> 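This is the structure, below, for whatever I ask next.
Fair warning: this is a prediction, and the values are worked out from it, not measured in the lab.
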Amino acid sequence: MIVYEYPFNERIRTLLRLEDLHEKFSYFLHQQHPQQHHIALSTIFEMLEVAGRADLKSDLLQELERQKQTLLGFKSHPNVRVTMLDTILADVDRISSALMASQGKTGQHVRDNEWLMSIRGRTIIPGGACEFDLPSYYAWQHRSAEQRFADISNWFAPLAPLFDAIGMVLRLLRESGRPTKMIAQAGSYQQMLQGKVYQMLRLTIDNAPSMIPEISANKYMLWVRFTSHGGDMKPKPYEGDTPFELTLCNF
């Protein structure tokens, strides 16, 4: 199955971009080659660019508190598995406490590191991180994979509470919706949303990379049009009936 996610607002769009960067970072961090660790470090710089909003931390703390109060309201529900609910509440408390304890502006420890900032300044230039531009960085890349892993992990560590919070908020958001089976007749599907506000849409189709959903949505209407790759990879309309699962998520 392939899952496509579509954010309804800039806030969720930012969280999804940061989640994507974190997945990329985690993959390359656990590799061995210096070039793979270069990508991991460059991804930290990308994270700082996306997370530059001053209110991201406070937004996440407020959202986690709202979700905690909502979850507490479920305790008296007869069909709720209390042990599972308590586990989620404990995770929310732990993540909120760690985020609250993090000091300063997001990524300030990187900005205060002149050596890292010199690398960041060169990586935004195409081919700007060659050995003749950054000999000290080139020497660092020749350290052992274990040393590079430890260094990058230490540089990322102050950011970890932020990404734990992002992961929890997106997890709760994804679990808020229920999938519904739909069919896009002749490759097209429309649904009136009647002004109801959603945060994110999840669309699931069978593992068929030949069918690509193009999604547009606002609080009034949702439109999905399926396309497929042409001979030159340019999308062309897909006119067959297409089954899929639709999940509308909202806190």
Side-chain angles (χ1 to χ4, degrees), residues 2-7 10-57 59-60 94-95 98-99 101-171 173-174 200 207 209 212 229 232-233:
I2 302 178
V3 179
Y4 293 86
E5 295 184 329
Y6 181 87
E10 188 62 31
R11 176 172 172 245
I12 301 303
R13 186 176 291 110
T14 297
L15 298 186
L16 289 174
R17 284 175 173 159
L18 286 169
E19 180 188 56
D20 182 75
L21 287 171
H22 185 249
E23 290 175 355
K24 175 182 174 183
F25 166 79
S26 298
Y27 173 80
F28 284 105
L29 174 65
H30 290 87
Q31 305 308 306
Q32 300 291 316
H33 197 278
Q35 294 299 334
Q36 293 170 315
H37 281 168
H38 168 72
I39 296 175
L41 182 56
S42 298
T43 304
I44 292 180
F45 300 146
E46 292 184 55
M47 291 174 180
L48 298 185
E49 291 292 332
V50 179
R53 294 175 51 216
D55 57 347
L56 181 59
K57 176 180 173 180
D59 280 354
L60 289 168
R94 173 182 54 81
I95 290 170
L99 183 58
S102 61
Q103 300 295 321
K105 185 178 179 181
T106 300
Q108 191 60 44
H109 66 290
V110 174
R111 297 182 181 92
D112 291 340
N113 187 315
E114 292 184 8
W115 187 74
L116 289 177
M117 291 304 291
S118 68
I119 298 169
R120 182 184 184 185
R122 296 300 306 180
T123 55
I124 62 176
I125 302 172
C130 291
E131 65 272 17
F132 53 82
D133 290 307
L134 295 170
S136 65
Y137 180 51
Y138 186 62
W140 176 83
Q141 289 179 304
H142 281 76
R143 292 184 177 184
S144 69
E146 292 76 16
Q147 288 177 307
R148 295 194 307 271
F149 176 90
D151 287 340
I152 298 174
S153 297
N154 286 334
W155 295 327
F156 175 78
L159 297 173
L162 180 75
F163 283 91
D164 288 341
I166 291 170
M168 175 56 73
V169 168
L170 289 177
R171 172 190 169 187
L173 178 59
R174 289 176 176 124
M200 183 170 66
N207 191 10
I212 309 156
H229 283 139
D232 57 354
M233 301 303 289

> Counting C-beta onward and ignoring hydrogens, is there a side-chain heavy-atom pair between L173 and L15 closer than 4.5 Å?
no

> How far does CD1 of I152 sit from NE2 of H30, to the nearest 0.5 angstrom?
10.5 Å

> What heavy-atom pair brings T123 and S42 nearest, and what distance separates the two atoms?
CG2-OG, 4.1 Å

> Do F28 and L41 come within less than 4.5 Å of each other through their side chains, counting heavy atoms only?
no

> Determine whether L56 and T106 make a side-chain contact, defined as any pair of heavy atoms from C-beta on separated by less than 4.5 Å.
no

> When rounded to the nearest 0.5 angstrom, what distance separates CD in E5 from CZ in R13?
13.0 Å

> I'd like to know if E49 and R120 make a salt bridge, using a cut-off of under 4.0 Å between side-chain N and carboxylate O.
yes

> Checking K57 side chain against S102 main chain: does a donor-acceptor pair fall under 3.5 Å?
yes

> Answer yes or no: are there more than 12 heavy-atom neighbours, outside E10 itself, under 6.0 Å from its atom CD?
yes

> For R111 and L48, run side chain to side chain contact (heavy atoms under 4.5 Å, CB included): C-alpha distance rounded to whole Å, both residues' side-chain angles, the deciding distance at 0.1 Å, then the answer.
CA-CA 9 Å; R111 297 182 181 92; L48 298 185; 4.2 Å; yes

> Would a 4.5 Å heavy-atom cut-off, applied to side chains only, mark M168 and R171 as touching?
yes

> Do you know which two heavy atoms are closest between A165 and L60, and how far apart they sit?
CB-CD1, 4.1 Å

> Could you tell me whether the side chain of R148 and the main chain of H37 form a donor-acceptor pair under 3.5 Å?
no

> Is there side-chain contact between F163 and F25, with heavy atoms separated by less than 4.5 Å?
no

> With the side chain counted from C-beta on, respond yes when Q35 and I39 share a heavy-atom pair under 4.5 Å apart, and no when they do not.
no

> So, H38 versus Y138, ring centres under 6.0 angstrom or not?
no

> Donor-acceptor pair, distance only, cut-off 3.5 Å: does the side chain of Q31 make one with the backbone of Y27?
yes

> Answer yes or no: is there a side-chain heavy-atom contact under 4.5 Å between H22 and S26?
yes

> Supply the atom-to-atom distance H229 NE2 to I212 CD1, rounded to the nearest 0.5 angstrom.
3.5 Å

> Among residues two or more places apart or on two chains, list those pairs meeting side-chain hydrogen bond (donor to acceptor under 3.5 Å, both in side chains) that have a residue in residues 159-168.
none

> Working to the nearest 0.5 Å, report the span between CZ of R122 and CD1 of I119.
11.5 Å

> Look at the side chain of Q103 and the backbone N and O of A101, then say whether any donor-acceptor pair between them is shorter than 3.5 Å.
yes

> Indicate the atoms forming the closest heavy-atom contact of L16 with R174, along with that distance.
CD2-NH2, 3.6 Å

> Indicate the atoms forming the closest heavy-atom contact of P34 with Q141, along with that distance.
CG-O, 3.4 Å

> Kindly indicate whether the side chain of Y6, heavy atoms from C-beta on, has any atom under 4.5 Å from the side chain of M200.
no

> Which pair of heavy atoms, one from P161 and one from A157, lies closest together, and at what distance?
CD-O, 3.6 Å

> Is a side-chain donor or acceptor of E23 paired with a backbone partner of D20 at a separation under 3.5 angstrom?
no

> Evaluate whether atom CZ of R17 has more than 12 neighbouring non-hydrogen atoms of other residues, nucleotides or ligands under 6.0 angstrom away.
no

> Could you tell me how the ring of W140 sits relative to the ring of W115: parallel (under 30°), tilted (30 to 60°) or perpendicular (over 60°)?
perpendicular

> I need the I166 CD1 to I95 CD1 distance, nearest 0.5 Å.
11.0 Å

> For the residue pair H109 and W155, what are the closest heavy atoms and their distance?
NE2-O, 2.5 Å

> Checking side chain to side chain contact (heavy atoms under 4.5 Å, CB included) for the pair F156/M47: CA distance, chi angles, key distance, verdict?
CA-CA 10 Å; F156 175 78; M47 291 174 180; 3.9 Å; yes

> Using 0.5 Å steps for rounding, measure from the CG atom of L99 to the CZ atom of R94.
12.0 Å

> Checking side-chain polar atoms at under 3.5 Å, does D112 have a donor or acceptor matched by the opposite partner on Q108?
yes

